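Read the structure below first, then the notes.
The chains referred to below are lettered A, B, ... by the order of the sequence lines, with proteins before strands, and numbering in each begins at 1. The structure displayed is predicted, hence computed values, not measured ones.
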Number of protein chains: 2
Amino acid sequence: MKVLIADDDADLRELIAFTLGQAGYLVLKAADGPAAVQLFEHESPDLVLLDINMPGLNGFQVCEAIRRRSQVPVMMLTVRGEEEDLVRALGLGADDYLNKPFSPRTLLARLKALLRRAGVENNAPLAAGRIRLDLEEFTVTIGEGAPVRLTKLELRLLQMLLANAGHSVNSERLLVQVWGHRSGGDRQLLKQLVHRLRQKIETDPAAPALLRTAAAGYKLVVD
Amino acid sequence: MKVLIADDDADLRELIAFTLGQAGYLVLKAADGPAAVQLFEHESPDLVLLDINMPGLNGFQVCEAIRRRSQVPVMMLTVRGEEEDLVRALGLGADDYLNKPFSPRTLLARLKALLRRAGVENNAPLAAGRIRLDLEEFTVTIGEGAPVRLTKLELRLLQMLLANAGHSVNSERLLVQVWGHRSGGDRQLLKQLVHRLRQKIETDPAAPALLRTAAAGYKLVVD
DNA sequence: GGGGCCGGTCACAAACCGGTTACAGGCTCC
DNA sequence: GGAGCCTGTAACCGGTTTGTGACCGGCCCC
C-alpha cells in the first residue's frame, strides 16, 4: 500500500513518513507541489496526504491535478481555523482533512478509515462469493468460469460494488467514485456502464443475477 | 440521518434547521441545554450541533453530558476569537467547531465531512414499535409482515413520522422536509402521498391504525 | 340552510427512471 | 492511415412515480 505525503515542512514530513513506515505502508515523499504531481503520476499511490501551503503548486492545485486523472483518496492537512480552505478543499474533491497539529495515532486512524471507505484496503484480488477481481490483469472471474477482461471503468465500478458486496450502493456515490463527478447528475453514464458490465458478467444479461438494480442504486449479490 | 441543533438564538436555530432540512436531514431543535440533553436521550441523533452560550446548561456541560454516554459526533458553534472556549470544547471531546457567523454552505460541508469521518452509515434501519424502516432497500416492515416496497417520497415521509413516532407532525413541516417547499401551501401533495402510503402499510386503509390524522398534521401511532 | 374549509378519494397527465439500441469521437496499436 | 476498442451522447420504450384537478362528505360558523 503506497502513500504519497506532500509537505514542505521537512520535520513534519519525516515524522509522518516514520509513522506510516512503522505501520507497514510504503511512503513516497514530496517537498513541493510539482514534485508531488510528478511522483503521483509515476508511482500511482493508493492514498495522498497533501499539505495546503506548499511552494510551487499549493495543495489545492495539486488536488485538482490529481482529481483530473484519478479517484485516489486525498486527505488534506489544514491549519485549524482556516474555514475557507477547508470548504475549498472538500469542494475540490478531497475526501477528508486533518487539522494540524495531530497525533500519529489520529493520522493512522483517519487514514485507515479513508482507505476502508475507498474500498482499496487490499490490492490483492478482491473477492466475494463467486466473484474474484484481479486488478493487475483487469479481469473478473465468476465461479469456475474463465476470466473476463474488463475496461478501466468497468473494473472501477465492479470494485466499488465488491467493496460493498451485498449492500446497495447509491448511484450518486458510484458516479463520484468511478468518474469523479462532483455533483453526480449524469445517470446516463452509469446506466450505460452497468449495461456493458452486465453483458460481460451475467449469464443472462436481461435478468441480472449478480449486478442487481436496487433502490437508489445498484448492488452486487453474493450468496 | 438525525441532527440535533441546540442554540438559544431562535433565528439562527431556524436558519440552520431550514438549511439542514433542505439537505435532507431530520432536524431536532433545542433552545437550551436541558432541552438538548433530553432530546438527545430521547432521539439519539447521529450528530449534534451545540452553541456554547445557552441558558440552563451551557454547551460545554451539554457536551460533557453527551460524551458520558455516547461517541456521537459533536460540532460546537463558537464566536470567532474565543480561543479558550475552543480549546476547552475540543478537550471535552467535541469533534469539530464552527466559527459564527458561518454560511449555510460552510455548515453543510463541515457537517458532511464530520459524518463521513465518523463513519456514520445512514442505512441503519430506523424503527419504532412494530415499524421498521430499511433505508437501503426502500422498504418498511410492519410487525411480522413481509417488507413493503416504498417510493422515494413515501420513504421520506415515513422517515419523518418515524423520527417523531407517537407525536403529531405539522403538515407544514412535512411539506418542507419531504419536498423542500419552503412556503408549504401545497396540501394536496401531502394528502395524496399520505393516501398512497396508507394503501401500502395499513391493513384497512379506510380506517388508519398507524398513520393517523392529527391536529394540523399526521402522526405515527406506535404501541 | 348555505357556504367555506378540510381531509379523503379518484382519474388522468406529466415527469422520471432504468434498460436498450445506435452512433460518433478519441485513443492505441499496427 | 486504418482497424478495433473504449467511452460518451442521444433517442426510444415501457413501467413507475409524482403532480394536478375534480368531486365527495363531514364539520363549523354565520
Calculate, to the nearest 0.5 Å, the distance between atoms [atom1] and [atom2] belonging to [X] and [Y] respectively.
| X | Y | atom1 | atom2 | value |
| --- | --- | --- | --- | --- |
| F138(A) | K152(A) | CZ | NZ | 8.0 Å |
| D51(A) | L77(A) | CG | CG | 5.5 Å |
| I201(A) | L197(A) | CD1 | CG | 4.0 Å |
| L174(B) | N170(B) | CG | CG | 7.5 Å |

Please determine if a side-chain N or O atom of [X] lies less than 4.0 Å away from the OP1 or OP2 oxygen of [N].
| X | N | value |
| --- | --- | --- |
| H195(B) | dG8(C) | no |
| R198(A) | dG19(C) | yes |
| T151(A) | dT7(D) | yes |
| W179(B) | dG19(D) | yes |
| Y218(B) | dG8(C) | yes |

Rounded off to whole Å, could you give me the [atom1]-to-[atom2] distance for the [X] and [N] pair?
| X | N | atom1 | atom2 | result |
| --- | --- | --- | --- | --- |
| R149(B) | dG18(C) | CZ | C1' | 13 Å |
| L157(B) | dT18(D) | CG | C1' | 14 Å |
| Q192(B) | dA22(D) | CD | C1' | 12 Å |
| L189(B) | dT17(D) | CG | C1' | 13 Å |
| K191(B) | dC6(C) | NZ | C1' | 7 Å |
| K152(B) | dG18(C) | NZ | P | 9 Å |
| L190(B) | dT17(D) | CG | P | 19 Å |
| Q199(B) | dC10(C) | CD | C1' | 11 Å |

For [N], does the base pair up with any side-chain atom of [X] as donor and acceptor (N or O, under 3.5 Å, distance only)?
| X | N | value |
| --- | --- | --- |
| Q188(A) | dG8(D) | no |
| R187(B) | dG8(C) | no |
| R196(B) | dG19(D) | yes |

Heavy atoms, side chains only, cut-off 4.5 Å: are L98(A) and M76(A) in contact? no

Looking at every strand, decide which applies to L153(B) at a 4.0 Å heavy-atom threshold: base, sugar-phosphate, or nothing. sugar-phosphate

